[in-house]
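Just so you know, ligand 1 is whichever comes first in the structure, and atom 1 is the first atom listed for that ligand. Numbering of residues begins at 1 and proceeds along the displayed sequence. Quantities reported herein were computed from a predicted structural model and do not represent experimental measurements. Computed over heavy atoms, backbone and side chain alike; hydrogens, waters and symmetry mates excluded.
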Amino acid sequence: MDLCGLAAAQMRRMLDSREVSAEELARAHLDRISRLDPAVRAFITVCEDRTLTDAAEAQKQIDGGGQGALTGIPVALKDNMITKGVRTTCASRILEKYVPPFEGTAAERLRRAGAVLLGKTNLDEFAMGSSTEYSAFFTTRNPWDLERVPGGSSGGSAAAVASGMAPIAYGSDTGGSVRQPAALCGVVGLKPTYGRISRYGLVAFSSSLDQIGPFGRSVEDVICAFEAVMGRDPHDSTTVDMPYDGSKAREPVLKGRRIGVPSELLSGEIAPDVSHAVRAALDLISDAGGETEEVSLPMIEHGVATYYIIAPAEASSNLARYDGVRYGLRIDADDSIEMMKGTRSAGFGSEVTQRIMIGTYVLSAGYYDAFYTKAHQARTIMKRQFQEAFRKFDLLIAPTSPVPAFRLGERLDDPMAMKLADFCTIPANIGGFPAISLNCGFSNGLPIGVQLIADSFQEETLFSVALALENLLPPFALPEIEVA
Ligand code: GLN
């Protein structure tokens with residue numbers, strides 16, 4: 001049997017019954033990575049030594065009977081999540097050699113839970129992008145079709161899970177970077193409510209939007225991955241301990257659920273095969289007793305524009321710290337201004353540079369009110385429209401990505417098309433709402449994702465409906481991957 005295709009929940013049972021050891025499981029995944037990753041290119045770093053030490057630690061926990069859901073389960077982390085002693089590059093030249101002296105909270109909680117770290121996955125530089133093509137190092141490929149993108153920016157984590165190189169991986173979602181690659185790779189991806197998971201040790205892109213989220217091949221696995229890292233953290237003052245009941249979250253209930261379908265997300269820019277698959281999922285939901293109804297949320301049309309003011313503004317401030325003094329790359333020069341200029345122009349790729357320039361511009365005196373203040377007003381109105389909808393509906397449902405995986409290079413010359421890839425996912429970030437993407441079918445061999453969005457801190461409802469919907473859809477099976 002191929003261990004690597006199993007759900008993490010199944011691996012858990014096998015570890016507990018001693019059918020497999022943590023080390024065997026870790027080695028099976030390391031072997032699969034060395035066989036497949038030359039074709040998929042999901043990993044920037046594979047930390048084999050750490051993997052085996054973690055596995056030995058995990059086995060001790062299991063043998064002592066102190067294991068939790070993730071003890072001995074291999075995981076991968078997006079390479080913008082800080083890991084002590086393991087290089088953390090953000091897929092940027094500026095951090096290419098940066099080895100953090102501390103562990104981020106998510107990594108720390110996973111380590112304590114006995115999860116086994118396989119390595120760090122590829123992303124668009126500093127998580128800015130929708131295809132993983134903006135990585136300064138290489139492009140990750142979609143395991144379903146190696147000539148296509150895996151989505152982004154957490155494309156490496158999505159591809160690792162979809163190809164069986166890791167049962168669980170984590171990414172970060174600022175405008176869709178977990179859900180959109182999950183959709184394009186046919187796996188489950190979650191963006192929790194803003195404040196559920198600590199951002200301490202997540203390299204900051206846009207702090208009011210960023211949120212860590214897990215990938216898995218089943219909803220149950222994603223729930224376990226979420227629970228392992230959630231909750232208040234004294235290192236991140238935006239985290240809160242809001243009630244969450246894991247057993248309620250695990251009761252699949254569709255009957256009687258009121259589910260709103262935002263009309264702005266099922267028309268216009270959405271490809272026919274995507275809306276077809278999402279409508280088929282809606283029919284399954286109605287047949288199972290869920291009540292679906294169209295709802296108009298007109299501010300959705302302004303989501304991308306609003307996002308592309310707020311996110312670059314915050315990024316321009318967050319990325320000011322890469323100055324050649326404190327972290328990573330330094331290009332020496334005669335004076336410190338020239339040193340900083342040289343470092344930053346050599347260290348940042350063009351997408352990141354553009355965002356810094358846009359962000360600096362919208363924050364500058366004279367433009368601040370016209371752009372930045374306006375974007376915040378739009379953000380408030382949009383959030384209110386969603387909150388209004390959540391008075392009537394338990395959840396909203398929409399496509400995750402307007403299109404299935406596009407070809408490598410196809411959108412590189414069309415920045416607008418690249419940015420519209422997040423049309424359906426951005427609203428949940430703007431409002432801080434939790435949202436999950438599941439596979440709801442295939443078109444020409446390419447996965448299509450459907451997204452559920454709930455009101456803030458209603459992860460229980462989100463998971464309950466996601467589990468019920470998943471039960472109505474075909475289970476995940478690993479794609480065949482041709483290795484040269
Ligand atoms: N694609 C969006 C961007 O480029 C979202 C990225 C993300 O969620 N990290 O900003």
Just let me know how S177 lines up against ligand 1, side chain, backbone, both or neither, with a heavy-atom cut-off below 4.0 Å.
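Contact part for S177 vs ligand 1: both backbone and side chain.
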Is a salt bridge present between [X] and [Y], judged by a nitrogen-to-oxygen distance below 4.0 Å?
| X | Y | result |
| --- | --- | --- |
| R217 | D221 | no |
| E269 | K419 | no |
| R87 | E96 | no |
| E388 | R384 | no |

M128-ligand 1 polar pair, N/O distance under 3.5 Å
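No, there is no polar N/O contact under 3.5 Å.
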Is the closest N or O pair between G152 and ligand 1 shorter than 3.5 Å?
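N/O-N/O distance below 3.5 Å does not exist for this pair.
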Contact with ligand 1 for G176, non-hydrogen, under 4.0 angstrom:
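Contact check G176 vs ligand 1: positive.
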Applying side-chain contact (heavy atoms from CB on, under 4.5 Å) between R179 and each of D173, L438, L190, report the one that passes.
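Looking at D173, L438, L190, the match for R179 under the side-chain contact (heavy atoms from CB on, under 4.5 Å) is D173.
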Can you figure out which of L420, D422, L123, I426 has its heavy atom closest to atom 2 (C) of ligand 1?
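Among L420, D422, L123, I426, the closest heavy atom to atom 2 (C) of ligand 1 comes from D422.
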Nearest option to atom 4 (O) of ligand 1, as decided by whichever heavy atom of M418, K419, R355, Q211 sits closest
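When every heavy atom of M418, K419, R355, Q211 is considered, R355 comes closest to atom 4 (O) of ligand 1.
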Identify which one of R109, R196, R250 satisfies the salt bridge (charged side-chain N to carboxylate O under 4.0 Å, His left out) criterion when paired with E227.
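The option that passes is R250.
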To check your reading of the model: name the closest protein heavy atom to atom 3 (C) of ligand 1, its residue, and the distance in Å.
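Among all protein heavy atoms, the one nearest atom 3 (C) of ligand 1 is Y308 OH, 3.1 Å.
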Give me the nearest non-hydrogen protein atom to atom 5 (C) of ligand 1 as residue plus atom name, then the distance to 0.1 Å.
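Answer, as residue, atom name and distance: Y307 OH, 3.2 Å.
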Answer yes or no: does atom CZ of F138 have more than 12 heavy-atom neighbours from other residues, nucleotides or ligands under 6.0 Å?
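Atom CZ in F138 is crowded, with more than 12 foreign heavy atoms closer than 6.0 Å.
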Between T89 and D79, does any side-chain donor sit less than 3.5 Å from a side-chain acceptor?
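Distance-only check passes for T89 and D79.
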Numbering as shown, the atoms of ligand 1 that approach [X] to under 4.0 Å (heavy-atom distance):
| X | result |
| --- | --- |
| G129 | 1 (N), 2 (C), 3 (C), 4 (O), 6 (C) |
| A127 | 6 (C), 7 (C), 9 (N) |
| G175 | 5 (C), 7 (C), 8 (O) |

